Amino acid sequence: MPDEEKKPVHFIKSIILEDIANNKNDARVHTRFPPEPNGYLHIGHAKSICLNFGLAQEFNGKCNLRFDDTNPSKEDQEYVDSIIEDVKWLGFDWEDRLFFASDYFQQFYEYAIQLIKAGLAYVDSLNADEIRQHRGTLTEPGKESPYRNRSVEENLDLFERMKNGEFEEGAHLLRAKIDMASPNINMRDPAMYRIVKASHHRTGNKWCIYPMYDFAHGYEDSIEGITHSICTLEFEDHRPLYDWFIEKVGAYHPQQIEFARLNLTYTVMSKRKLKRLVEEKFVCGWDDPRMPTIAGLRRRGYTPESIRNFCEMIGVGKSESTIDIAMLEHCLREDLNKRALRVMAVLRPLKVTITNYPEGQVEMMEAVNNPEDESAGTRQIPFSRVIYIEQDDFMENPPKNFFRLSPGSEIRLKHGYYITCTSAVKDSDGNVVELLCTYDPETRGGWSEDGRKVKGTSHWVSAQHAIDAEVRLYDHLFTTPTPDVAPEGKDFTALLNPDSLEVLTGCKVEPVLADLPVGAYLQFLRQGYFTKDRDSVAGKLVFNRTVSLKDTWAKVQNKG
RNA sequence: AGCCGAGUCGUCUAAUGGUAGGACAGUGGAUUCUGGUUCCAUACGUGAGGGUUCGACUCCUUCCUCGGCUGCCA
């Protein structure tokens, strides 16, 4: 495919290319996406998903979906279900390779026995506090546990009894016997198994001991025949351990490769923080359209293609970076521009009466569904004597570069007629509540034979045909591009944008919107991309603003 | 402080000893029945010093800055 050639060669791809050239692993490429089911997936995970599944696709390999479910106290089936839905929605397929680390618990147990027998693991009976004190610090070596040299027999016996549930949580711990003086703290006799008496979402109460990430993860990869185990930078310090556990049991050895996780401006990406936003009701749930979760982006109206393109565009590297969210929004608009149905919706209605238009007359006007896609066809829109236009589209005393309606000026109603404002009707407070206009019958369809130019074009909705709707305008969740750096003594929630959601009611939309499905990709002409929210009911439609259109007029005004 | 890692336009990312390029954001303009799209133009960068070389983003060296690591989380 010529498309393929344009894809950038990042450092992970170079490694794979070289491995293939050397016929390493028989030139196989097998990756995996290994989420822990303890939260919803976010756009950062999307980067990893696109990387892992994308690499497999590109090199004719495979990619597994594997749940790293080694900690029953934090994990839940709800998360498993949401993760499966999200990866699928993003457009990736793991075929029959849906795996769970918990399926390998027996194998892990046997590896642990093997390490004990080889004198490479021991049961420690220090408590958590004592272990911390023995660990040393970043600059000082640790001290060996007094239990470090228990006999193999004693270790075997104790470990067996740990497994059988004879001890309370925290009473004992199986540790690897490596080096308490290692400059890499991860190598100072790391924990392999801890006692946890919680019910696991898949294995129930079968196990009382659960393996730690460092001990289990390499084996998970090894068992599945993974060739390239791709993870984020913070595991770099753990790679010696990853290698150690695999080598000491003589198992097949995948290669761990670390890359920089995604950070985005104006949002947070840590699961812990996202969870807090949900649990403390700063947002309406994991799929709140302001959340950077896949579920939130989906509900917001993002397309999977736009997210995939974004992940391709940002590249893969090893340096910590924060991507401007404008780049994500660019990918979004680029995709939506090609596919969104153009419709007219008046968010802040201003009544317009066309005084010379016959009372009671209704004309059907033809509207293009998508100027970027001829195959999208056209539809009919009702036009009548009383319509609504946007309040912003009228100014009584306009500045010189205002192209829209003002007393005496003429504009085009998109797909309608040219109209000229003759007067503005005001209420007792002086607010403009209605416009009186005349139309030119010779401009039907929004075009004049005489070549006369009008600068402005407004969208509109026929008053008697309009449907009421609620429109939710979303903005960045945080007021600062870097909400991860909270001001002194303050929590990141202090940085939340109080205007991240503005709810507009009494909006007037085209009749066609009643029949469209939830999730439809729309452009409200001249305003932005929107999608129908699942909160819509027959009498009240609800739309989410996915992203606004670029607005050079707003820019001009702001410079004002 | 110890270990590991990373420093290229405002933000991402290419160039691996031979013209520092692309994207987003910015600016100016053209086109347009969306102040959208599209098109054209334009400004902006190799953390610092020293060394090797005809030639250094690239190699060597000293320094500086930033990030990660002291869970029985992943």
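These numbers come from a predicted model, not from an experiment. Letters go in sequence order (proteins before strands), and every chain restarts at 1.
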Length of the CG-P vector between A:N263 and B:C24, whole Å: 22 Å

Touch class at under 4.0 angstrom, heavy-atom based, for A:T322 against every strand present: sugar-phosphate

Ring centroid separation A:H238 to A:Y242 under 6.0 Å: no

Whole-Å distance separating the CG atom of A:L264 from the P atom of B:A25: 15 Å

A:T139 side chain, from C-beta outward: closest of B:G2, B:U11, B:A74: B:G2

Pair A:F492-A:F478, side chain to side chain contact (heavy atoms under 4.5 Å, CB included): steps then yes or no: CA-CA 9 Å; A:F492 78 103; A:F478 291 90; 3.8 Å; yes

Touch class at under 4.0 angstrom, heavy-atom based, for A:L233 against every strand present: nothing

Complement of B:G35, any strand, by Watson-Crick or G-U distances under 3.5 angstrom: none

Short side-chain N/O contact to B:C66 OP1/OP2 from A:S319, under 4.0 Å: no

Heavy-atom closest contact (A:D69 atom, A:F105 atom, distance): O-CZ, 3.7 Å

Any A:R135 side-chain N or O less than 4.0 Å from OP1/OP2 of B:G71: yes

Interatomic distance, A:H330 NE2 vs B:G26 P [rounded to whole Å]: 12 Å

C1' gap between B:G45 and B:G10, integer Å: 10 Å

Sugar-phosphate, base or nothing in reach of A:P371, heavy atoms under 4.0 Å: base

Spacing of A:L336 atom CG relative to B:U37 atom P, expressed in whole Å: 13 Å

Sugar-phosphate only, base, or nothing, as touched by A:S182 at under 4.0 Å among non-hydrogen atoms: nothing

Partner nucleotide of B:C73 by Watson-Crick or wobble geometry (both distances under 3.5 Å): none

Spacing of A:E234 atom CD relative to B:U70 atom P, expressed in whole Å: 11 Å

Sugar-phosphate only, base, or nothing, as touched by A:L126 at under 4.0 Å among non-hydrogen atoms: base

Contact summary for A:Y122 and A:Y147, nearest pair of heavy atoms: CD1-O, 3.7 Å

Pairwise 5' ranking along RNA chain B for A:P183 and A:N337, keeping only the more 5' one: A:P183

Contact under 4.0 Å: A:R194 side-chain N or O vs B:C73 OP1/OP2: yes

Nucleotide paired to B:G18 in any strand shown, Watson-Crick or G-U, under 3.5 Å: B:C54

Geometric cation-pi criterion, A:R202 with A:F100: 6.0 Å, 45°: yes

Over all atoms of both residues, closest heavy-atom pair of A:L233 and A:E320: CD2-OE1, 4.2 Å

Touch class at under 4.0 angstrom, heavy-atom based, for A:E372 against every strand present: base

Touch class at under 4.0 angstrom, heavy-atom based, for A:A128 against every strand present: base

Atom pair distance, as rounded to whole Å: CG in A:D484 and P in B:G68: 10 Å

Polar side-chain contact A:E236-B:G67 base: donor and acceptor under 3.5 Å: no

Sugar-phosphate only, base, or nothing, as touched by A:N184 at under 4.0 Å among non-hydrogen atoms: nothing

Sugar-phosphate only, base, or nothing, as touched by A:F215 at under 4.0 Å among non-hydrogen atoms: nothing

Whether A:F159 and A:Y109 hold their rings parallel, tilted or perpendicular, with breakpoints at 30° and 60°: parallel

Inter-nucleotide C1' distance (B:C63, B:G21), Å rounded: 30 Å

Side chain A:Q523 and base B:U34 donor-acceptor under 3.5 Å: yes

Whether A:Y213 stacks on the six-membered ring of B:A74 base, 5.5 Å and 30° limits: no

Syn or anti for B:G71 (syn when the glycosidic angle lies within 90° of 0): syn

Sugar-phosphate, base or nothing in reach of A:T137, heavy atoms under 4.0 Å: base

Pairwise P distance for B:U32 and B:U37, with rounding to whole Å: 16 Å

Separation between the P atoms of B:C12 and B:U16, rounded to whole Å: 22 Å

Touch class at under 4.0 angstrom, heavy-atom based, for A:P190 against every strand present: nothing

Sugar-phosphate only, base, or nothing, as touched by A:L413 at under 4.0 Å among non-hydrogen atoms: nothing

Under-4.0 Å side-chain N/O to phosphate OP1/OP2 contact, A:K555 with B:U27: yes

Presence of donor-acceptor pair under 3.5 Å, side chain of A:D237 and base of B:G68: yes

Sugar-phosphate only, base, or nothing, as touched by A:L549 at under 4.0 Å among non-hydrogen atoms: base

Check: A:F383 ring centre within less than 6.0 Å of A:W460 ring centre: yes

Phosphate OP1/OP2 of B:U37 contacted by A:K550 side-chain N/O (<4.0 Å): yes

Phosphate OP1/OP2 of B:C4: any A:R239 side-chain N/O under 4.0 Å: no

Check against side-chain hydrogen bond (donor to acceptor under 3.5 Å, both in side chains), A:S182 and A:R188: CA-CA 6 Å; A:S182 172; A:R188 319 239 262 232; 5.9 Å; no

Touch class at under 4.0 angstrom, heavy-atom based, for A:D214 against every strand present: nothing

Atom P, compared across B:C4 and B:A20: separation rounded to whole Å: 35 Å

Pair partner, B:U42 [Watson-Crick or wobble, under 3.5 Å]: B:G26

B:A48 - base-pair partner by Watson-Crick or wobble geometry, distances under 3.5 Å: B:U62

Any donor-acceptor N/O pair under 3.5 Å between B:G35 base and A:R404 side chain: yes

Nearest-Å distance once atom P is located in both B:G29 and B:U11: 27 Å

Residue whose nearest RNA chain B nucleotide is more 5′ - A:F235 or A:I185: A:I185

Rounded distance in Å - CD1 (A:I411) to P (B:U32): 19 Å

hbond_proxy A:R342 side chain to B:U34 base (donor-acceptor, 3.5 Å cutoff): yes

Interatomic distance at P, B:G18 relative to B:A23, whole Å: 23 Å

Phosphate contact (B:G36 OP1 or OP2) by A:T552 side-chain N/O below 4.0 Å: yes

Step-by-step side chain to side chain contact (heavy atoms under 4.5 Å, CB included) determination, A:F259 to A:I12: CA-CA 8 Å; A:F259 73 100; A:I12 297 181; 4.1 Å; yes

C1'-based separation of B:C66 from B:A48 [nearest Å]: 15 Å

